[in-house]
Amino acid sequence: MFWNTKLECMPKEDLRSLQYRELKSLVNNLYSFNKFYHDRMKAQNVHPDDICSLSDASKLPFMYKQDLRDNYPTGMFTASNSEVVRYHVSSGTTGKPTLVGYTRNDLEYWTEALARSLTSVGIGNNDTMQISYGYGLFTGGLGLHYGAERVGATVLPAGTGSTERQIELIKDLDVTAIACTPSYLVHMGGVAKKMGIDFRRDTSLRKAVLGAEPWSESMRNHIESEMGIKAYDIYGTSEMAGPMFTECEERNGVHMAGDIVYCEIIDPDTGENLESGQKGELVVTMLKKEAMPMIRYRIRDITSIDEEECACGRTSPRISRISGRSDDMLIIRGINVFPSQIEYTLMQIPQLAGHYMIIVTREGALDRMVVQVEIKEDAFSDKVEDMNRLRAYVETQLKKYLNIAAEVELKAPGELPRFEGKAKRVVDKRVI
Ligand code: DLL
């Protein structure tokens with residue numbers, strides 16, 4: 001089933017011509033009217049006239065998350081306040097978040113992308129779809145909400161938390177499809193078991209659209225065999241718009257709709273383009289973005305592109321499962337966390353020394369993060385209440401800046417390991 005057969009199944013050659021035309025007009029526009037892109041291109045010694053084919057995109061400069069941070073909040077916007085109709089916010093690399101703005105057209109192609117994606121996994125107007133991603137600043141909830149409404153599904157905007165209630169709703173309302181993080185679905189499975197509910201026997205839930213964090217084929221097998229729910233991968237980032245693209249029924253990679261995004265894979269160390277099939281860092285150019293254009297944005301996710309035609313008939317390239325990142329970003333319970341944010345927060349607290357460790361584990365289906373941090377000599381007290389008060393304060397600060405609960409363990413001066421070379425601050429013990 002297709003939502004937009006013409007665009008989804010366009011002959012490859014036509015798709016490449018379309019991508020070239022879109023890229024060319026984007027580059028012309030930004031070079032002429034936008035100081036950031038103009039200066040960037042000048043610095044790289046590239047002019048719009050140098051872009052004579054799609055592969056010439058590789059001559060264009062990269063964009064980084066740092067650019068968004070340096071220009072926070074709206075310095076990268078190319079639309080006026082009256083044209084911007086929505087903001088979403090995601091974590092940045094320090095205390096500063098990344099702000100993403102949308103014009104009406106931006107919301108439109110985002111919704112269109114999700115309508116195509118949901119149709120491609122067989123979700124439509126006969127479905128009742130529970131959206132168990134966070135609603136609010138995170139893009140997951142509202143993004144999937146509008147996509148599911150567009151295909152005519154009955155949408156249940158459950159958001160996150162209140163797991164028992166969510167399970168009851170799935171049962172009572174005959175929910176057939178769900179969107180959430182893979183770890184949350186596994187967690188739901190565990191809670192349901194305790195409630196005496198078997199998803200296969202007691203509910204109509206048969207499809208799940210899972211993403212926002214890394215997951216594996218073994219997790220897919222676990223969900224399918226334990227819960228009887230067919231699981232599909234969904235990918236996107238807030239800088240692209242939010243969740244956007246899924247696998248089709250073939251489940252051999254996420255279709256990256258070519259009329260919306262142009263994808264490249266580069267060697268993260270040299271920045272050189274890699275061949276189709278080779279693993280490297282994903283770089284995206286968003287062809288339709290209005291409020292906040294993205295040209296050659298380095299997402300930092302590691303994957304490969306498959307250009308082979310898919311048996312489903314869609315001609316867009318597919319990316320393989322995200323196998324890691326080329327930076328140190330962690331995703332904890334669906335929330336992006338940079339160790340540098342944690343360090344930044346700890347360093348604002350005068351009683352703490354500069355030595356810390358972040359330990360991430362998975363208990364049941366849920367991630368747990370422990371931050372161990374040393375106290376300065378003169379702040380150390382043998383009064384338990386003093387230390388408890390300080391620990392609670394550090395936890396509050398981390399919650400305030402990271403928007404995620406971390407457990408803090410205060411350590412005596414000299415207790416944490418020292419490193420001669422690169423400090424190893426993160427121990428991630430999760431098996432996904
Ligand atoms: O996580 C958007 C989203 C919402 C995607 C709901 C899918 C479903 P950000 O918060 O900006 O946006 O985080 C983007 O999450 O660069 C990847 O590292 C990771 N990620 C997203 N989807 C997947 C996936 C949303 N299917 C970052 N597999 C990305 C692995 C994923 N990692």
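Counting starts at 1 for both ligands and their atoms, in listed order. Everything quoted here is computed from the prediction, not taken from an experiment.
Between Arg318 and Asp306 there is a salt bridge, since at least one side-chain N of the basic residue sits less than 4.0 Å from a carboxylate O of the acidic one. Between Arg116 and Glu112, at least one side-chain N (NZ, or NE/NH1/NH2) sits under 4.0 Å from a carboxylate O, which counts as a salt bridge.
Of the N or O atoms in Arg325, one or more lie within a sub-3.5 Å distance of an N or O in ligand 1. Any N or O atom pair closer than 3.5 Å counts here, and Asp233 shares at least one such pair with ligand 1. Annotation: Gly211 places no N or O atom under 3.5 Å from an N or O atom of ligand 1; distance criterion only. The distance criterion of under 3.5 Å between nitrogen or oxygen atoms is not met by Ser90 with respect to ligand 1. Not one N or O of Thr237 is nearer than 3.5 Å to an N or O of ligand 1, by distance alone. The N/O atoms of Leu210, backbone and side chain alike, include none that comes under 3.5 Å of an N/O atom in ligand 1. Distances between N or O atoms of Tyr133 and those of ligand 1 include no value under 3.5 Å.
For ligand 1, the atoms closer than 4.0 angstrom to any heavy atom of Asn336 are 9 (P), 10 (O), 11 (O), 13 (O). Per-residue contacts place Thr139 under 4.0 angstrom from the following atoms of ligand 1 (heavy atoms of the residue considered): 2 (C). Listed by atom number, the atoms of ligand 1 under 4.0 Å from Tyr235 heavy atoms are 22 (N), 23 (C). Every atom of ligand 1 is numbered from 1 in the order shown, and the set under 4.0 Å from a heavy atom of Pro243 is 2 (C), 3 (C), 4 (C), 5 (C), 6 (C), 7 (C), 8 (C). Shown in contact with Ile331 at under 4.0 Å from a heavy atom are these atoms of ligand 1, numbered in order with element: 15 (O), 18 (O), 19 (C). Each of the atoms 1 (O), 4 (C), 10 (O), 25 (C) of ligand 1 lies under 4.0 Å from some heavy atom of Phe138.
For the pair Leu118 and Thr246, the minimum side-chain heavy-atom distance is 4.5 Å or more. Using a 4.5 Å heavy-atom cutoff, the side chains of Phe2 and Arg314 are in contact. At least one side-chain heavy atom of Ile265 sits less than 4.5 Å from a side-chain heavy atom of Leu282. Arg325 is not listed as a side-chain neighbour of Pro214, based on a closest heavy-atom distance of 4.5 Å or more.
Remark: among candidates Gly236, Gly143, Ser216, the nearest residue to atom 5 (C) of ligand 1 is Gly236, based on non-hydrogen atoms. Here atom 12 (O) of ligand 1 lies nearest to Ser238 when heavy atoms of Cys180, Gly141, Ser238, Pro214 are compared. The option with the heavy atom closest to atom 18 (O) of ligand 1, from among Val100, Ile335, Thr98, Asp301, is Asp301. Evaluated by nearest non-hydrogen atom to atom 30 (C) of ligand 1, the leading choice among Arg300, Lys65, Glu213 is Glu213.
Ring geometry for Trp110 versus Tyr102: interplanar angle under 30°, hence parallel rather than tilted (30 to 60°).
Ranking protein heavy atoms by distance to atom 22 (N) of ligand 1, first place goes to Ala212 N, 3.1 Å. Here the heavy atom of the protein found nearest to atom 27 (C) of ligand 1 is Met329 CE, 4.1 Å.
Tyr297 and Glu239 share a side-chain donor-acceptor pair at under 3.5 Å. Side-chain N/O atoms of Thr176 and Thr128 include no donor and acceptor closer than 3.5 Å. Checking Gln66 against Asp70 by side-chain atom types alone, a donor-acceptor pair falls below 3.5 Å.
For the salt bridge (Lys or Arg N to Asp or Glu O under 4.0 Å) criterion with Lys230, the lone passing option out of Glu224, Glu247, Glu249 is Glu249.
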Worksheet item: Please walk me through it: do Gln130 and Gln166 pass side chain to side chain donor-acceptor pair (under 3.5 Å)?
Response: CA-CA 9 Å; Gln130 182 151 325; Gln166 296 225 17; 2.8 Å; yes
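Here Ile299 has side-chain heavy atoms under 4.0 Å from ligand 1, and that is the only part of it that gets that close.
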